[in-house]
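As structure tokens, the structure follows; a few thoughts come after it.
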Amino acid sequence: MIKIDGLKKNYGKLEVLKGISTEIGQGEVVAIIGPSGSGKSTFLRCINMLETPTDGQIRFKDQIITDKKTNIMKVRENVGMVFQHFHLFPHKTVLENLIYAPMKVKKLSKAEAVKQARELLTKVGLADKESTYPNRLSGGQKQRVAIARALAMNPEVMLFDEPTSALDPEMVKEVLEVMKSLAHTGMTMLIVTHEMGFAKEVADRVLFLDGGLLVEESAPEDFFSNPKSQRAKDFLEKVL
Amino acid sequence: MNLEFERIMPSLPYILEGIPTTLKVVAVAAVIGFVLGILLSILKISRIKPLNWIADFYTSIFRGTPLVLQLMLIYFGSPQILGIQIEAFQAAFLAFGLNSAAYISEIIRGGILAVDKGQREAALALGVPYSGMMLNIILPQAIKNILPSLVNELISLTKESAVVTIIGLGDIMRRAYIVGGETYKFFEPILFAGLIYYVMVMILTILGKVIERRMRRSD
């Protein structure tokens, strides 16, 4: 579904990604892990072109999204993203957050958008919060709304950029539960995370990045019990 | 001090009749200033350098010269520039609107830059085009934060509008001055004009607070 070839990203002289190639299949859940500064987030943000790659190619289905001629806005409609710091629209209620893009971008009628938004809010367990402003929500609730907002565009892929890193520990679980049930629906998901337990349980595959390189790529059971590279061993020793 | 307000009593309605003129100039100039100010601020934050230059040059001209001078250039210069004498009202709308836009564009630019850049990314990630992102996501948040500065600008516009006196518009200030000339009493009518401006500014201040409170609903 997504094919990445020799992806590079430089910020001036700093090389953040030094040539990453991999492929992500339909319905696959991929956990991207690695030490901070390894380029995980940059890698994820290249996939919906929030960062413009310096070199390399990304293909989403039959479109080469790194090509300047591709209408990236069209691609983004199909690629949902969840941020570490939620980025809900603070001047809109929860419901308005969910219906804005479907109405604006997909030209859904208000009635359709609201109906769909309510279904999604029920799924993430926040049906009673639709007229609340984001400031009144806890971190965990905000992140669940953010997930619902991304899902409201009916994306084919969901990108999660450290979705639980900004949360208080007791709120991590509610967000991971929502993500887990999303994974069970067959959604293709790329998740940058520090939640090793979650990666082990939910991911079909683990990508281990270090120093801008894809060092290891394997099934979670292999990766966590029997990492091949020394760098992965060192990393796991520190975090587990 | 011998104040003789009774001497100007018959002329008070005449001075009060200047209020619509003042309000008209302020209202039209505020709309021009606000709309043009938004456009200029967007040029200023654009990644395309020549657009930055154009907007910065515009601002430097209108902030770098006195408002009275701009008003005179537009009013007295119009026959030479345009070949026709424009009306005093049109000259006032233009001068105050264009001048105000320069200041407002800086206020709005600051407001836009203060909005968390995550908001922009969230909108982009949802496939929202630039225009929608600006109008529906960034500007509403920016304007909420800069509302006190915008009210400030509107207040100073209200008082500055007294300058239209020099191109012969019958605003509050000019009428007070005329009454002074007729009665040989300048202190009283000008004091009365001052009171009118003060009341108008107080009303604006209160309106600003009401709007601000309403916009802070989501906090």
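Not measured: the values here are computed from a predicted model. Proteins get letters first, then strands, A, B, ... in listed order; numbering begins at 1 in each.
Electrostatic pairing of A/K123 and A/E119 does not count as a salt bridge here, judged by no charged N lying under 4.0 Å from a carboxylate O.
With a 4.5 Å cut-off on non-hydrogen atoms, A/F89 touches chain B through its backbone and its side chain both. Neither the backbone nor the side chain of A/L159 comes within contact range of chain B; no heavy atoms are under 4.5 Å apart. With a 4.5 angstrom heavy-atom cutoff, A/F86 does not touch chain B via any of its atoms.
Sorted by first and then second residue, the pairs that involve residues 150-163 of chain A and meet salt bridge (Lys or Arg N to Asp or Glu O under 4.0 Å), not counting sequence neighbours, are A/K61-A/E156.
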task: Could you walk me through whether A/K92 and A/R149 pass side chain to side chain contact (heavy atoms under 4.5 Å, CB included), step by step?
output: CA-CA 12 Å; A/K92 292 182 181 293; A/R149 177 177 69 176; over 6 Å; no
Sequence neighbours excluded and cut-off under 3.5 Å, please list the side-chain donor-acceptor pairs for residues 80-94 of chain B, or say none.
{"from": "B/Q85", "atom 1": "NE2", "to": "B/Y75", "atom 2": "O", "distance (Å)": "3.1"}
{"from": "B/Q90", "atom 1": "OE1", "to": "B/E87", "atom 2": "N", "distance (Å)": "3.2"}

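Remark: the B/S100 side chain and the B/E153 side chain contain an N/O donor-acceptor pair separated by less than 3.5 Å.
Annotation: salt bridge (Lys or Arg N to Asp or Glu O under 4.0 Å) contacts of A/E15 (sequence neighbours excluded): none.
In terms of heavy atoms, A/M49 sits closest to A/P53 at SD-CD, 3.6 Å.
Scanning residues 104-111 of chain A against chain B with a 4.5 Å non-hydrogen threshold yields A/K104, A/V105, sorted by number.
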